[in-house]
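What follows is one structure encoded as structure tokens, with my remarks underneath.
Note: hydrogens, waters and symmetry copies are ignored here, and every other heavy atom, side chains too, is used.
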Amino acid sequence: MPRLCNVVVLLSGTGSNLQALIDSTADGENPVRIAAVIANRSDAYGLQRAQAAGIATRVLEHGDYQGREAFDAALMQAIDGFDPQLVVLAGFMRILTPAFVRHYHGRLLNIHPSLLPRHKGLHTHQRALEAGDTEHGCSVHFVTEELDGGPLVVQAVIPVHSQDTAASLAQRVHAQEHRIYPLAVRWFAEGRLHLTAAGPQLDGVALPATGYPINSKETPCAAP
């Protein structure tokens, strides 16, 4: 088994993607080790998920700091105390400073509930419906200074049904998030996924601009 890859997860809310990551390590074959979970809200339910799994937790309330730069500096110090090879954003509702993003360049992943580059930002499911999209989904990407604009790693695509609402789309997209995020994190931990100057590579092969595509009916737990 490869050497364990220390991962720090940042979150602000329920932590359902954190739970998917925790569950993905249960078989003992996954080299991902979640070293810590850090939240910017003390009431984030994801902290309870982490504690139930025996994972170290920290809370840094962003309101306690004089501005975004001061908060991010403290956050970097907290993260680096766990010596992570990878930092994972799992519903972390903060816009990160350029200094933070540069510090973790090539080892900072995020998941976004749309088929990027479509529908960056918030309210993606409603916007997909309003745009008349026939397909929707979620994207894992490396984080850069451009909001929701980093190089894509993997996308899961679902059809938009005529009877769909924003709530039903959200539920179906969440199910796909819980499939592809652990996959991308495992690729990184296994040393298969890298961000190079030319873009992201999987097994030494450049990924397409839209990332590795996964149809919603596939089972992506197995390596491609």
Side-chain angles (χ1 to χ4, degrees), residues 5-18 21 32-47 50 55-124 127 138-155 177 180-181 184-185 187-189 193-200 207 209 211:
C5 175
N6 270 359
V7 176
V8 170
V9 178
L10 307 184
L11 55 77
S12 301
T14 62
S16 65
N17 273 307
L18 166 66
L21 290 169
V32 171
R33 175 184 178 268
I34 303 175
V37 171
I38 301 176
N40 66 316
R41 294 180 48 169
S42 60
D43 62 348
Y45 183 67
L47 293 168
I55 299 169
T57 61
R58 299 287 187 275
V59 176
L60 278 74
E61 295 273 6
H62 58 268
D64 293 342
Y65 295 85
Q66 294 292 322
R68 198 176 300 277
E69 289 76 11
F71 173 75
D72 278 11
L75 183 59
M76 284 188 283
Q77 185 176 25
I79 292 169
D80 290 349
F82 294 98
D83 191 26
Q85 285 77 54
L86 178 66
V87 179
V88 171
L89 306 179
F92 188 61
M93 304 304 291
R94 297 283 300 168
I95 295 176
L96 299 167
T97 59
F100 184 98
V101 173
R102 287 194 298 267
H103 184 68
Y104 297 107
H105 178 75
R107 54 193 184 108
L108 181 60
L109 289 176
N110 183 48
I111 191 160
H112 183 74
S114 79
L115 296 176
L116 292 171
R118 292 182 66 82
H119 310 310
K120 298 179 181 181
L122 302 175
H123 311 301
T124 59
R127 289 161 61 200
C138 49
S139 309
V140 177
H141 65 96
F142 282 103
V143 177
T144 63
E145 294 179 37
E146 180 185 353
L147 180 65
D148 297 331
L152 292 169
V153 174
V154 57
Q155 289 189 323
E177 291 180 19
I180 68 170
Y181 214 3
V185 171
W187 284 344
F188 188 96
L193 174 66
H194 300 277
L195 180 60
T196 72
L207 286 165

So how far is it from [X] [atom1] to [Y] [atom2], rounded to the nearest 0.5 Å?
X    : Y    : atom1 : atom2 : answer
H194 : W187 : NE2   : CH2   : 13.0 Å
L207 : Q155 : CG    : CD    : 11.0 Å
R33  : Q85  : CZ    : CD    : 9.5 Å
F188 : L108 : CZ    : CG    : 10.0 Å
I111 : D148 : CD1   : CG    : 11.5 Å

Check whether [X] reaches the backbone of [Y] with its side chain - one donor and one acceptor, N or O, closer than 3.5 Å.
X    : Y    : result
R127 : R118 : no
D83  : N6   : no
Y181 : L109 : yes
T124 : S114 : no

query = Quick one: are V32 and L86 in side-chain contact, heavy atoms under 4.5 Å?
reply =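 The answer is no, as the side chains (C-beta and beyond) never meet within the 4.5 Å cut-off.
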Does any part of the side chain of L96, heavy atoms only, come nearer than 4.5 Å to the side chain of L89, both counted from C-beta?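 SC-SC contact between L89 and L96 confirmed.
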What are the two closest heavy atoms between [X] and [Y], and how far apart are they?
X    : Y    : result
S12  : A44  : O-CB, 3.5 Å
G106 : L195 : CA-CD2, 3.9 Å
A209 : L152 : O-CD1, 3.3 Å
S139 : L116 : OG-N, 3.1 Å
V101 : V143 : CG1-O, 3.7 Å
V9   : A90  : CG1-CB, 3.8 Å

Side-chain donor-acceptor distances from residues 58-67 under 3.5 Å, at least two apart:
residue, atom, partner, partner atom, Å
E61, OE2, S42, N, 3.0
E61, OE2, S42, OG, 3.1
H62, ND1, N40, ND2, 3.0

My understanding is that only residues two or more places apart in sequence, or in another chain, count here; which of them pass side-chain contact (heavy atoms from CB on, under 4.5 Å) with [X]?
X    : value
P117 : K120
A50  : L18, V37, I55, T57
T144 : E146, P151

Quiz: residues 69-78 side-chain donor-acceptor pairs under 3.5 angstrom, not counting sequence neighbours:
residue, atom, partner, partner atom, Å
D72, OD2, T97, N, 2.8
D72, OD2, T97, OG1, 2.7

Exercise for review: Show the numbers, then the answer: is there a side chain to side chain contact (heavy atoms under 4.5 Å, CB included) between D80 and Y104?
Suggested key: CA-CA 10 Å; D80 290 349; Y104 297 107; 2.8 Å; yes
| task | Just do the side chain to side chain contact (heavy atoms under 4.5 Å, CB included) check on L10 and I79 with the steps written out, would you? | result | CA-CA 9 Å; L10 307 184; I79 292 169; 4.0 Å; yes
task = Would you please name every residue forming a salt bridge (Lys or Arg N to Asp or Glu O under 4.0 Å) with E145, sequence neighbours left out?
result =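 R102.
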